[in-house]
Protein chains: 2
Amino acid sequence: MNSTKTQLKIDFPFHSPEELEAYLPYLLTRLAHRWATDQDDALQRDGLHGSKMRILSCLSAFGELTINELSILSVTEQSSASRTVESLVQSGLAERNISQKDQRVRTVKLTPSGKNTLVEIAPRIIDLNRNLLKDVEHEELKTCVLVLGRMLKNIKRNAI
Amino acid sequence: MNSTKTQLKIDFPFHSPEELEAYLPYLLTRLAHRWATDQDDALQRDGLHGSKMRILSCLSAFGELTINELSILSVTEQSSASRTVESLVQSGLAERNISQKDQRVRTVKLTPSGKNTLVEIAPRIIDLNRNLLKDVEHEELKTCVLVLGRMLKNIKRNAI
């Protein structure tokens with residue numbers, strides 16, 4: 001065991017609210033749920049709730065993805081990811097293509113209209129983030145992103 | 001504006017995988033989902049998936065809670081929290097009582113059997129956590145818990 005790495009002692013079962021509130025999975029679960037609800041509320045008038053928004057964001061970051069990749073990255077069950085992509089294609093925000101790397105593979109990417117939509121909603125997303133990160137210092141946040149990224153690497157099952 | 005607090009610049013829409021991977025809500029969403037799936041897998045043989053486990057953990061930490069409190073703390077929609085409590089009562093892991101503070105209020109708490117069950121599954125929960133926290137240093141983790149706790153305070157809508 002590497003002596004420079006120590007694990008936070010997990011007191012389980014919990015015996016106080018403080019122990020639960022210092023428990024990473026509890027914090028992750030509550031934050032993810034609260035964030036999703038707030039984002040859905042902020043984007044309700046655009047009809048971009050839940051998986052639609054997550055899929056658009058992943059396409060914006062990665063450019064072109066298969067349904068399988070989209071499903072993993074956007075945390076959306078595969079058949080639901082397919083249906084959401086279908087709906088995004090019908091509303092003109094995304095388009096399907098044959099992969100340039102492999103003719104057998106179908107990929108999805110944003111249309112110019114999809115890109116514009118993300119630019120239009122950006123101020124609301126940035127506002128939500130500003131509120132989430134209120135009173136958090138830059139260095140603390142950098143550490144937090146680093147640690148969460150390492151955790152994701154520790155527990156994810158796929159290469160992406 | 002307090003000059004000692006700075007916000008991480010959010011580049012939205014994202015233009016690269018790296019921008020998405022440094023985006024807190026993305027990390028929170030993927031980690032929470034991955035954690036929930038792994039915990040469900042680890043506890044499948046005990047039938048303690050999802051909301052059952054979250055509710056037992058909250059009762060262990062807080063002692064006694066109303067359905068409304070349990071619903072918020074365990075991130076479970078209220079009617080689903082009620083059904084899960086009903087199922088926990090039927091299997092002898094939890095019991096309903098009249099609140100000592102207010103005779104009109106019904107509360108839920110663990111039975112000795114519920115407490116024993118948590119002790120029995122503790123090694124598996126601790127293992128999952130050890131894997132999640134692999135290669136994370138103690139100080140980094142402390143910062144991470146602190147920052148996530150502050151974020152939860154920033155965005156939660158309830159006192160608990």
Side-chain angles (χ1 to χ4, degrees), chain A residues 4-8 10 12-17 19-22 24-36 38-39 54 57-58 60-62 75 115 118-119 122 125-126 129-138 140-152 154-156, chain B residues 4-8 10 12-17 19-22 24-36 38-39 54 57-58 60-62 75 115 118-119 122 125-126 129-138 140-152 154-156:
Chain A
T4 66
K5 313 282 183 192
T6 57
Q7 270 102 32
L8 188 73
I10 305 292
F12 188 93
F14 309 115
H15 293 103
S16 70
E19 282 175 10
L20 181 66
E21 283 156 14
L24 242 297
Y26 167 77
L27 288 166
L28 297 173
T29 305
R30 280 201 71 184
L31 274 165
H33 178 261
R34 186 73 261 148
W35 174 264
D38 287 353
Q39 183 168 278
R54 296 196 304 275
S57 296
C58 291
S60 180
F62 281 80
V75 187
K115 288 179 188 172
L118 289 177
V119 171
I125 300 294
I126 291 168
N129 264 279
R130 195 172 289 138
N131 182 47
L132 175 71
L133 304 180
K134 201 167 57 190
D135 294 331
V136 175
E137 291 181 32
H138 189 70
E140 291 174 332
L141 193 58
K142 270 173 65 181
T143 302
C144 195
V145 166
L146 186 90
V147 170
L148 296 180
R150 207 175 296 155
M151 287 180 191
L152 185 57
N154 286 340
I155 65 173
K156 73 183 180 181
Chain B
T4 66
K5 312 284 182 190
T6 56
Q7 269 103 33
L8 188 71
I10 305 293
F12 188 92
F14 309 114
H15 293 102
S16 70
E19 283 175 9
L20 181 66
E21 283 156 11
L24 243 293
Y26 167 79
L27 289 165
L28 296 172
T29 306
R30 280 201 72 183
L31 274 164
H33 178 260
R34 185 73 262 147
W35 173 265
D38 287 354
Q39 183 167 279
R54 295 197 303 275
S57 295
C58 291
S60 179
F62 282 80
V75 188
K115 288 179 189 173
L118 289 177
V119 171
I125 300 294
I126 290 166
N129 264 280
R130 195 173 289 137
N131 182 46
L132 174 70
L133 303 181
K134 202 167 57 189
D135 294 330
V136 174
E137 290 182 33
H138 188 70
E140 291 174 331
L141 193 58
K142 269 174 64 180
T143 301
C144 195
V145 165
L146 186 89
V147 170
L148 295 180
R150 207 174 297 154
M151 287 180 193
L152 185 57
N154 287 341
I155 65 173
K156 74 183 179 181

(message) Looking at every heavy atom in both B:Ser57 and A:Phe12, which two are closest together, and how far apart are they?
(response) OG-CE1, 3.9 Å
(message) Quick check for you: to the nearest 0.5 Å, what is the distance between A:Phe62 atom CZ and B:Glu21 atom CD?
(response) 5.0 Å
(request) Could you pull out the closest heavy-atom pair between A:Ala61 and B:Leu20, with the gap in Å? (result) CB-CB, 3.7 Å
(message) Looking at chain B, which one of A:Ser16, A:Cys58, A:Gly149 has the largest number of heavy-atom pairs inside 4.5 Å, strictly under?
(response) A:Ser16
(request) State, yes or no, whether a side-chain contact exists between A:Ile155 and B:Leu132 at a heavy-atom distance under 4.5 Å. (result) yes
(request) Compare every heavy atom of A:Val147 with every heavy atom of B:Leu141, then report the nearest pair and how far apart it is. (result) CD1-CG1, 4.5 Å
(request) Look at the side chain of B:Ser60 and the backbone N and O of A:Phe14, then say whether any donor-acceptor pair between them is shorter than 3.5 Å. (result) yes
(request) Using a 4.5 Å cut-off on heavy atoms from C-beta on, say whether the side chain of A:Leu24 contacts that of B:Leu148. (result) yes
(message) At a heavy-atom distance under 4.5 Å, which candidate from B:Ala32, B:Ala122, B:Pro13 has the highest pair count against chain A?
(response) B:Pro13
(message) Can you tell me which portion of A:Thr143 sits under 4.5 Å from chain B's heavy atoms? Options are side chain, backbone, both or neither.
(response) side chain
(request) Could you have a look at A:Asn131, A:Val75, A:Leu146 and say which one has the most heavy-atom pairs with chain B under 4.5 angstrom? (result) A:Val75
(request) Please flag which part of A:Leu31 lies under 4.5 Å from any non-hydrogen atom of chain B: side chain, backbone, both or neither. (result) both
(request) With rounding to the nearest 0.5 Å, note down the distance linking CE in A:Met151 to CG in B:Asn129. (result) 9.0 Å
(message) If we ignore hydrogens and angles and just use 3.5 Å, is the side chain of B:Arg150 paired with the main-chain N or O of A:Asp135 as donor and acceptor?
(response) yes
